[in-house]
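The structure under discussion appears below in the form of structure tokens.
Because only heavy atoms are used, hydrogens play no part in the values below, and waters and symmetry mates are left out as well, while side chains stay in. Letters A, B, ... mirror the listed sequences (proteins, then strands); counts begin at 1.
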Amino acid sequence: MELIDRYVYAVTRHMPKGQRQDVAEELQTTIQDMAASHAKSGKPSKEDIEAILKQMGRPETLALKYGQGPMYLIGPKWFALYWQTLKQLVTIVPPIVAAVMLAVNIAQGVGLLGAILGAIGLAATVVVYIGFWVTLIFVVIERTGANPNEFGGDAWEPNALPELPAKRQVSKFESAVALATIAATALFAAGATLITVAGEHAPILNPALWQFWMPALLALLAAGFVIELCKFKIGNWVPALAAANVLLNAATVIFFVALLTTQQVINPDFVQALQARTNGDLSGTELSETASWLTGIAIAGVIASSVWSAGESVYKSWRLRKG
Amino acid sequence: MNNIEELFANQALELRRGTIVLAILSTLMQPRYGYALLQALEEAGIPVDAGTLYPLLRRLEKQEVLASEWDTSDVRPRKYYRLSKKGHQLYDRLLAEWQTTQKTLNNMIKR
């Protein structure tokens with residue numbers, strides 16, 4: 001019968017003190033009774049006992065069944081919200097992180113391949129972190145006994161339903177182009193401020209911009225990226241989206257006007273090298289006149305496109321509410 | 001997970017899960033000890049896993065649906081289970097619910 005003792009010990013050893021003895025005694029008697037009826041006649045043999053123990057199952061599993069908690073991490077109540085949150089975070093955060101990392105890597109002079117690998121590596125790490133923390137948080141929430149409905153987990157806006165493909169205001173092509181443009185702008189800005197074109201002596205745009213303006217630009221582009229994703233997902237200019245778009249355009253205008261009027265966007269080193277190469281044919285005043293011209297055109301362009309974008313979003317949002 | 005055996009097995013399990021507490025309560029109208037309960041259920045055609053029954057009995061006891069006593073008269077001390085007052089109330093209500101469900105389902109099936 002030592003086998004039975006060992007089994008009972010294995011089941012009960014991690015149980016709280018109060019429960020342990022009671023369960024142990026009951027289990028002992030039960031197994032002996034079961035073995036006795038299994039034996040059909042006389043004293044139960046070792047084989048009888050082993051058969052019964054096998055039938056009872058793994059001691060750890062049985063101990064778990066005696067336990068108090070639910071035998072899952074995240075149950076049906078919270079799973080939908082958990083999965084939705086996880087999907088949203090994993091689709092939005094890692095790409096942004098990768099883009100920023102890519103830019104930073106290039107800024108630090110890492111080669112293009114290394115920059116890309118580094119960005120992908122960081123994005124993968126971020127995915128793991130997001131997975132871990134979101135899961136952990138929901139495991140804890142599951143055990144507080146709270147209800148998703150109380151937190152607006154079930155609240156949703158019928159207006160924000162995705163449009164049927166034919167009826168969308170925002171075409172998928174438009175979204176693809178916009179996202180690609182944002183990515184290209186980020187890469188161009190990073191590259192132009194850091195990479196020295198073959199034959200020249202310095203990057204075209206001023207690397208000093210990295211102290212504040214470049215990160216600010218990247219943040220602006222990241223915000224634009226997020227808005228484009230929302231635009232793509234919802235497909236229509238809901239008021240919140242239009243408002244966000246207007247704000248973004250306003251911020252873009254302010255940013256560029258401030259940048260172009262107060263900062264040396266063109267790299268002074270580049271200008272110097274250019275002058276040195278043309279042996280002083282280009283005078284300082286000619287260059288600064290050209291620069292002012294270009295600045296003016298750039299500012300006008302930014303204002304025009306921002307006003308257009310903001311106006312379009314507001315108009316379409318109004319049309320949406322009307323129709 | 002689509003062949004008929006598995007589909008049936010899953011649904012049959014759900015049916016058993018839904019009715020096991022009622023079966024236990026009705027059997028315990030007469031106080032029994034654990035193993036006798038197991039045998040009674042098996043004889044009645046409701047086989048239950050020992051590893052499922054005992055933790056369930058303990059849970060019902062914690063919910064004050066069952067009450068227990070240790071019978072030390074025998075060589076082996078045995079734990080006896082019986083319905084508590086709450087257990088009787090629960091049984092009455094569950095039984096009524098079961099009968100209503102039966103009637104409703106039967107009516108629906110007859111059509």
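- When all heavy atoms of Ala50(B) and Met56(A) are compared, the closest pair comes out as CB-SD, 3.6 Å.
- In Glu2(A), the CD atom is not crowded: 12 or fewer heavy atoms of neighbouring residues, nucleotides or ligands sit closer than 6.0 Å.
- For Glu174(A), the CD atom is densely surrounded, since the number of other residues' heavy atoms within 6.0 Å is greater than 12.
- Taking all atoms of both residues into account, the shortest heavy-atom contact from Thr29(A) to Pro77(B) is OG1-O, 3.1 Å.
- At a threshold of 4.5 Å between non-hydrogen side-chain atoms, the residues Tyr33(B) and Asp33(A) count as touching.
- From Lys79(B), atom NZ reaches atom CG of Asp22(A) across 3.5 Å, with rounding to the nearest 0.5 Å.
- Between Gln55(A) and Asp49(B), the shortest heavy-atom distance links the atoms O-OD1, 4.1 Å.
- Heavy atoms of Val11(A) lying under 4.5 Å from chain B are absent altogether.
- Closest non-hydrogen pair, Trp70(B) versus Glu25(A), comes out as CH2-CB, 3.5 Å.
- For the options Val23(A), Ile31(A), Leu62(A), Ile52(A), heavy-atom pairs under 4.5 Å to chain B are most numerous at Val23(A).
- Counting all heavy atoms, side chain and backbone alike, Glu26(A) lies closest to Arg58(B) at OE1-NH2, 2.6 Å.
- Enclosure of atom CD in Gln39(B) by more than 12 non-hydrogen atoms of other residues, nucleotides or ligands within 6.0 angstrom is indicated.
- Within a 6.0 Å radius of CZ in Arg143(A), other residues, nucleotides and ligands contribute more than 12 heavy atoms.
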